Amino acid sequence: MPAIVVAAVVGVLFWLGYRYYSVYLAERVYNLDPAYVTPAHRFTDGVDFVPTNKHVVFGHHFTSVAGAAPIVGPAIAVFWGWGPALAWIVLGTIFAAGVHDFGSLAVSVRHDAKSIGTLAKDVISTRARTLFLLIIFFLLTLVNAVFAVVIGNLFVSNPGAVIPIFVEIPLAIFIGQYIYRTRSAALVPSIVGVIGLYLLIWVGQQWPIDITPFADAIGVDNPRNVWVVILFAYTFFAARLPVWLLLQPRDYINSHQLFIALGIIGLGMLVGWNTIVAPIVNDVPAGSPAIFPFLFITIACGAISGFHSLVSSGTTAKQIDKETDGRYVGYMGAVGEGSLATGAVLAATAGVVATRGEWDGLYADFSTASAGGVGNFVGGVAAFANNLGIPLDLAAVFAAVVVISFAATTMDTGVRLQRYVVQEIAEIAGWHTLARNLTLAGIVAVVVPLAMALLPGGGDAGYTFGVLWQLFGTTNQLTAGLALSVVAVWVTQKGRNPISVIVPLVFLLVMTSWALIVNLKNFIEADQWVLAPLDAIIFVLAMWLIVEAALALRGSAGRRTPDVDRTGPTTDGVSVPSDQRE
Amino acid sequence: MSHHQVVLVRPWTDARGGTGCCGGEPSSGICLEHRVGGEHGPDADALAVAHAYRRLREQVDDVDVQIVGANNTVFLLPAVFRAARRRVGTLAALGSAVRATTAGAVLVDGSRVGDIAALGPDGVVAAVCRATGR
């Protein structure tokens with residue numbers, strides 16, 4: 001089937017989800033009120049709380065939730081066939097991610113734009129907030145570990161990408177300084193930065209940097225591990241820099257790259273009329289992870305990602321002008337990420353190779369699929385670019401640079417955030433030295449994921465990358481589970497039907513718990529004494545979450561408080577209890 | 001319905017912006033209460049925007065005021081182009097759209113009328129009043 005036809009069908013389904021299901025959620029479940037005075041109006045300070053045009057908020061929200069993660073999972077998960085992967089992306093986006101992202105935003109707007117962690121304490125229990133911080137700690141640890149491995153693998157397989165990626169750092173700083181000091185318009189220098197980056201791709205292709213001889217010389221078997229160490233050393237220092245110095249100008253360059261890459265994927269598919277060569281459902285080898293539950297934790301971002309609740313509640317909620325804008329911002333953010341994931345599926349099934357036989361070789365078993373998934377996405381995008389006349393080898397480096405740029409930026413931010421989470425946990429635990437020392441917290445934020453990526457078993461001879469990725473997916477789904485629990489309790493307390501929230505919540509908790517149990521058994525049998533305890537800890541967190549959610553839901557069913565939080569002034573300044581307005 | 005649109009473009013050092021799933025917004029501790037890091041307070045440039053914004057909201061009626069990052073080209077370029085084209089034509093509007101991405105700029109109906117830091121809060125209000133014919 002032509003990839004462009006599949007893309008069009010998915011686009012129509014997403015539109016239907018937005019057009020009808022999000023309206024149902026807005027009117028019947030979250031009960032949005034255009035007259036409700038949002039926190040942006042109540043606490044306007046011109047810094048964080050600013051009533052903002054919904055298109056501006058969407059731009060900010062979308063760039064905060066869409067990145068490299070919805071590429072990696074789908075590129076691995078097509079191992080089970082493109083049908084199940086795409087079905088989970090479409091159904092997950094419409095019925096889980098949309099509910100979750102939109103719901104987190106709605107409940108936060110109704111609670112002074114508090115973050116989901118604080119809401120967990122307010123709506124569920126004080127214990128739930130501690131649980132939340134622990135889940136986020138493991139989530140960020142695994143995010144940083146998996147992205148270091150992804151980038152390391154791409155550097156090894158695309159040595160031409162090394163020079164552009166590393167020279168992009170001083171290039172971005174220079175452009176940022178130029179914009180800052182000359183007070184000139186940022187658009188032109190940032191476009192010059194993109195052109196400079198693409199010239200560097202040519203330079204990188206002429207002088208590829210293969211680190212294998214160096215790795216051999218220092219006795220490291222897997223050259224990827226050398227890159228992993230270099231990347232964490234870099235992020236330790238990069239996370240100390242002000243955001244505006246490096247992160248912002250590099251983001252600016254990346255935002256142009258995102259549009260260029262999306263244009264190339266769409267146009268390339270249309271011009272080349274590539275057909276999907278992968279099977280709809282793949283007959284996977286015996287001993288492979290089963291589609292249930294592993295598909296649903298392999299694709300987290302792209303179908304549902306708990307991380308979005310952090311952005312929805314922590315940042316976006318402070319800028320919502322009218323409560324009804326939440327439908328567009330929250331639900332469409334999920335749809336945007338689902339669209340990226342769809343592109344990843346199509347690149348890894350229609351672009352990367354031309355025949356079924358070749359594709360079977362790329363996805364021969366789960367280990368091969370997980371190690372090569374991102375590379376297959378890169379190959380697929382390169383093929384789409386080749387349809388537009390760009391030489392294939394140059395296009396491959398281009399696609400690798402796009403993925404690495406996004407992954408590296410995520411690592412920068414992940415380490416930055418993890419330092420604060422470490423400090424927060426230390427504050428709660430009473431470890432004041434750690435809580436007040438940013439350098440010490442930074443060392444913890446870097447060393448733990450570094451160890452995760454390097455410890456025995458982290459190489460090709462040990463556990464496969466896909467297993468580490470699944471643990472990341474599990475923690476991400478648990479974060480989503482916690483956010484959905486908060487939303488479900490709130491909806492129940494308001495006397496509305498919570499079924500649209502409870503169904504994805506139960507589904508996620510069943511899939512994650514099931515996967516954790518199966519993996520725990522596998523890890524113990526395989527003597528994986530790094531992964532087994534980690535899996536066990538995450539399983540305990542999952543059980544804790546289930547108990548908290550069940551207790552909170554049971555309590556909320558008998559303690560309904562119909563919209564007491566809606567008694568704030570309306571936009572015309574007159575205080576009207578909501579029950580009189582409805 | 002507001003007749004005029006005012007856009008305050010965030011200064012370069014008041015960096016906001018997303019870094020994607022699972023990175024999020026780097027300038028905020030997205031899930032925290034204690035904020036023990038101690039580097040989260042808004043800097044002078046961010047406060048300058050805040051003062052100008054609040055002064056505009058208090059003193060100038062009937063204008064739509066937005067605070068937008070310089071890197072939000074998806075909003076800035078079409079919004080400024082549309083607003084400017086009505087008055088100055090397509091080519092000049094393109095130039096206005098590019099200049100709209102200047103960090104710290106004050107834009108009124110697509111035209112750049114000054115710089116937030118240089119004008120100060122009262123200067124921003126005066127510039128907006130002049131540009132809107134008050």
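Residue numbers start from 1 in every chain, and the chains themselves are labelled A, B, ... in the order their sequence lines are given, proteins ahead of strands. Please read all numbers here as calculations on a predicted model, not as lab measurements.
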Is [X] close to chain A through its backbone or its side chain, or both, or neither, when contacts mean heavy atoms under 4.5 Å?
X     : answer
B:T13 : both
B:L77 : side chain
B:V98 : both

Per the side chain to side chain donor-acceptor pair (under 3.5 Å) rule, what does the pair list look like for residues 102-127 of chain B, sequence neighbours excluded?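 Side chain to side chain donor-acceptor pair (under 3.5 Å) check on residues 102-127 of chain B returns A:R183-B:D115, B:H4-B:D109, B:R55-B:D122, B:R87-B:S111.
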
Any Lys/Arg nitrogen of A:R250 or A:D412 sitting under 4.0 Å from an Asp/Glu carboxylate oxygen of the other?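 Salt bridge flag = yes for A:D412 with A:R250.
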
Select one option (side chain, backbone, both, neither) describing which atoms of A:F58 are under 4.5 Å from chain B's heavy atoms.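 It is neither, since no heavy atom gets under 4.5 Å.
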
Contacting region of A:S184 [heavy-atom separation from chain B under 4.5 Å]: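 Just the backbone, heavy atoms under 4.5 Å.
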
Check the pair A:T235, A:R416 against side-chain hydrogen bond (donor to acceptor under 3.5 Å, both in side chains), reporting the backbone distance first and the verdict last. CA-CA 9 Å; A:T235 48; A:R416 195 178 287 268; over 6 Å; no

Residue among A:D321, A:T52, A:D45, A:V50 with most heavy-atom pairs under 4.5 Å to chain B: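 Most heavy-atom pairs within the cutoff with chain B belong to A:D45.
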
Considering only heavy atoms and a distance below 4.5 Å, find which of A:A300, A:G176, A:A426 pairs most often with chain B.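 Of the candidates given, the most pairs with chain B belong to A:G176.
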
When A:I425 is tested against each of A:V421, A:V422, A:I428 for side chain to side chain contact (heavy atoms under 4.5 Å, CB included), which residue passes?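 For A:I425, the side chain to side chain contact (heavy atoms under 4.5 Å, CB included) test succeeds with only one of A:V421, A:V422, A:I428, which is A:V421.
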
Checking B:N71 against A:S255 for the side-chain hydrogen bond (donor to acceptor under 3.5 Å, both in side chains) test, could you report, in this order, the C-alpha distance in whole Å, the side-chain angles of both residues, the deciding distance, and whether it holds? CA-CA 8 Å; B:N71 57 353; A:S255 70; over 6 Å; no

4.5 Å side-chain heavy-atom contact, B:L107 and B:V6: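 With C-beta onward as the side chain, the pair stays apart.
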
